[in-house]
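Can you keep this structure in mind? I'll have questions shortly.
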2 protein chains.
Amino acid sequence: MPDQLSQTFSALADPTRRAMLAQLSKGEANVSDLAKPFLKDMSLPAITKHLKVLEHAGLITKSRDAQWRPCKINGEGLKDVVDWMEQYRVFWEASFDRLEAYLKTVVAKEKKGKKNVRKKTK
Amino acid sequence: MPDQLSQTFSALADPTRRAMLAQLSKGEANVSDLAKPFLKDMSLPAITKHLKVLEHAGLITKSRDAQWRPCKINGEGLKDVVDWMEQYRVFWEASFDRLEAYLKTVVAKEKKGKKNVRKKTK
DNA sequence: TCCATAATTAACCGATTAGTTAATTAACTA
DNA sequence: TAGTTAATTAACTAATCGGTTAATTATGGA
């Protein structure tokens, strides 16, 4: 996988790595802090590897503080994704519209009581 | 990879599949239409597999028309991604800000140089 | 200096992925 | 009915991925 964007998407295609990002979204954390929620499920070297994937994808940066490695989230990698998404805005916004239309029918239903009258959702 | 979002990100982590989505963003297309740009690089069964990945990820839908299989883009899959991205908005917007700050320095330099005065574009 | 802690590296393994070729299914057409 | 086109399925392979255990590096403290 040569290109940067593929690496980024690939890094995000794993729930463990997304959970790590979620934790980092609340602030910097060392490797062992990040590891803590997962150590029942996997070893520390597995964590190291996941973090390396995130780092190479440009989604986090790692620095040094004595024997600790504080990690922080890196907006650049995420920006690459939203930039790519932008060209499909018309499609995912159409989905929002369908959701909106659906919610409208739900509200209509509630107003009518149990009559169950609804507009067609297109 | 059990969860839907992982499948979606994974499907997007391939340049061939992203190119197929790009083509589909310009309108419906059959499998052989979609295959055309790639047949120098890979076989038709490989295309079939890529499309199956996109379909299972909820990024496209396939229908039937005689022996053809018209495919179209499906906004739902993309919406899952933008929904997930939303929680990191503060981070990728910070990246936009850094870009903006950088552009400001470029503009400032130009002003100093050739008196190329311009308003910022946003 | 010796030990504990934080993290990484090395070597390995099974499952999945991305591709192949060959065969097959399904629909139209002469 | 026989042939052609569109697409999929089957069976296989090489490379990558996500994990393991054991060993190693690097830093701080008693």
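Residue numbers begin at 1 in each chain, while the letters A, B, ... track the order of the sequences. Just so it is clear, the model here is predicted, and its values are computed rather than measured.
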Can you tell me if the side-chain N/O atoms of B/Arg64 get under 4.0 Å from OP1 or OP2 in D/dA7?
no
Looking at B/Glu86 and B/Arg89, is any side-chain nitrogen of the basic one under 4.0 Å from a carboxylate oxygen of the acidic one?
yes
Tell me which of A/Ala66 and A/Val53 sits closer to the 5' end of DNA chain D, going by the nucleotide each one is nearest to.
A/Val53
Could you tell me how far apart A/Lys52 (NZ) and D/dG18 (C1') are, to the nearest whole angstrom?
15 Å
Check the distance between C/dT17's P and B/Leu54's CG and give it to me in whole angstrom.
14 Å
C/dA26 phosphate, OP1 or OP2: any side-chain N/O from B/Arg69 under 4.0 angstrom?
no
Which part of the nucleic acid, if any, lies within contact of B/Asp41, taking any heavy atom under 4.0 Å across all strands shown: a base, the sugar-phosphate backbone alone, or nothing?
sugar-phosphate
Main-chain N/O of B/Arg17 paired to B/Asp14 side chain as donor or acceptor, under 3.5 Å:
yes
Given atom CE of A/Met42 and atom C1' of C/dA7, what is their separation to the nearest angstrom?
17 Å
Selected nucleotide, minimal atom distance to B/Ala46 side chain, candidates D/dT20, C/dT20, D/dA7:
C/dT20
Shortest side-chain distance from A/Thr48, nucleotide among C/dT9, D/dT21, D/dT9:
C/dT9
For the side chain of B/Val31, counting heavy atoms from C-beta on, which of C/dA18, C/dA27, D/dA7 is nearest?
D/dA7
Which base sits across from C/dA30 as a Watson-Crick or G-U pair, both distances under 3.5 Å?
D/dT1
When you match A/Gln67 and B/Trp68 each to their closest nucleotide on DNA chain D, which lands nearer the 5' end?
B/Trp68
With respect to the phosphate group of C/dT20, does any side-chain polar atom (N or O) of B/Ser43 fall under 4.0 Å of OP1 or OP2?
yes
Indicate whether the side chain of A/Ser6 and that of B/Arg18 have a donor and an acceptor atom separated by less than 3.5 Å.
yes
Does A/Asp65 reach a base, just sugar-phosphate, or nothing at all? Heavy atoms under 4.0 Å.
nothing
For atom CZ of A/Phe38 and atom P of D/dG19, their distance in whole Å:
10 Å
When rounded to whole Å, the CG to P distance for the pair A/Asp33 and C/dA7 reads 7 Å
Please report the distance, rounded to the nearest Å, between NZ in B/Lys62 and P in D/dA6.
16 Å
To the nearest Å, how far apart are A/Ile47 CD1 and C/dT8 P?
11 Å
Just call it for A/Leu44: base, sugar-phosphate, or nothing, with non-hydrogen atoms closer than 4.0 Å on any strand.
base
By nearest nucleotide on DNA chain C, pick out whichever of A/Pro70 and B/His50 is the more 5' one.
A/Pro70
Please determine if B/Lys79 and B/Glu76 form a salt bridge, counting it only when a charged side-chain N lies under 4.0 Å from a carboxylate O.
no
Straight-line distance of B/Leu24 CG to B/Asn74 CG, nearest 0.5 Å:
11.0 Å
Rounded distance in Å - NZ (B/Lys49) to P (D/dC12):
13 Å
Students often mix this up, so state it plainly: with edges at 30° and 60°, are the rings of A/Phe9 and A/Trp84 parallel, tilted or perpendicular?
perpendicular
